[in-house]
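Working notes for the structure below.
Below, read A as the first sequence line, B as the second, and so on, with proteins coming before strands; counting in each chain starts at 1.
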Protein chains: 2
Amino acid sequence: MSAHSDLTRNQSLVLDRLEKADAPMSAYAILDQLRDDGLRAPLQVYRALEKLLDMGLAHRLESMNAFVACAQPHCHDSGLIAFAICEKCGQVSEFSDDVVRERLNGWADREGFVVKRTTMEIRGECRACAA
Amino acid sequence: MSAHSDLTRNQSLVLDRLEKADAPMSAYAILDQLRDDGLRAPLQVYRALEKLLDMGLAHRLESMNAFVACAQPHCHDSGLIAFAICEKCGQVSEFSDDVVRERLNGWADREGFVVKRTTMEIRGECRACAA
DNA sequence: GACCACTATGTTATGACATTACACAGCCAA
DNA sequence: TTGGCTGTGTAATGTCATAACATAGTGGTC
Ligand SMILES: [Zn+2]
Ligand SMILES: [Zn+2]
Ligand SMILES: [Zn+2]
Ligand SMILES: [Zn+2]
């Protein structure tokens, strides 16, 4: 069912669902679509998501309490990923920028701030929707 | 009670509470602390917050569903503000970086993405807590 | 094989965050 | 004085996330 054979059943179900979605999904939306597969409680989804986030196979969009499958698995070890989210069609673009990363790290170094995790989300309209 | 005479009563109450807090507050935490002032429902707080956000007097921290008073009101028309949030003591540092803004705008221009709003939140530990 | 530690799972209940819907009051301009 | 606009009060509901507890498989060690 999925190309991720090292995943558990629930993890595979959730990741598959995310990969087939054309927009970010909330945990409860995922759950609703996996009822037929035997999932019945939110925690089953949240637990699977937690692992997928750890593995970098999915991302959480803080600004909308939703989740997406990673667009370029294993391709962003930069430690800083930015998301552009179209509020009209839901399309999410994932990218990283070394200059931005440098600037933020520079600020943190000067301030003595120890960075654990950074989120960067741009909301707006994609080219197609803005036209 | 507040230096913001153009605000309504509820807005002043909420902003005062945020300004006196030493860490971000959830809407419900604000509500709890304003019971004595007559506030009784979440919506009263959320409505006040909505206006304060519009006016730039407060900010929402998406990564923790909480709110802070703006640290430098009227001082960041850059349109892009970054927050560094200490997960230990709750201290929030607010800053902006023109280079970062340029880079993100550059990406958006190339992609034809129309930016409405950008959130940038760094989680970690401040100098004092990391020591 | 018996044991133990570790990870995953299933289920119920609860907690935390946010909005919808409706009613009412004040203000100001037409 | 009427109508539009903004702010307010209240109840009910919707949405997102976790705590607590019980169970089951897996793999290593003795
Ligand atoms: Zn990714
Ligand atoms: Zn779009
Ligand atoms: Zn500010
Ligand atoms: Zn700290």
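Using a 4.0 Å cut-off between charged side-chain N and carboxylate O, A:K51 and A:D54 make no salt bridge. Electrostatic pairing of B:R60 and B:E62 counts as a salt bridge here, judged by a charged N lying under 4.0 Å from a carboxylate O.
Contact between A:K116 and B:E87 at its shortest, heavy atoms only, is CG-OE1, 4.3 Å. Residues A:L80 and A:R101 come closest through the heavy atom pair CD1-CA, 4.1 Å.
For DNA chain D, the span of nucleotides reached by chain B at under 4.0 Å from its heavy atoms goes, 5' to 3', from D:dG7 to D:dT10.
Partner of A:V68 under the side-chain contact (heavy atoms from CB on, under 4.5 Å) criterion, chosen from A:M25, A:H59, A:E94, A:E19: A:H59.
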field: Summary of protein contacts for nucleotides 9-20 of chain C, nucleotide by nucleotide, where a base hit scores B, a sugar-phosphate-only hit scores S (4.0 Å, heavy atoms)
entry: BBBB----BBBB

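B:I122 has its side chain out of reach of B:I85: every pair of non-hydrogen atoms, C-beta onward, lies at least 4.5 Å apart.
Residues forming a side chain to side chain donor-acceptor pair (under 3.5 Å) with A:E102 (at least two apart in sequence, or on another chain): none.
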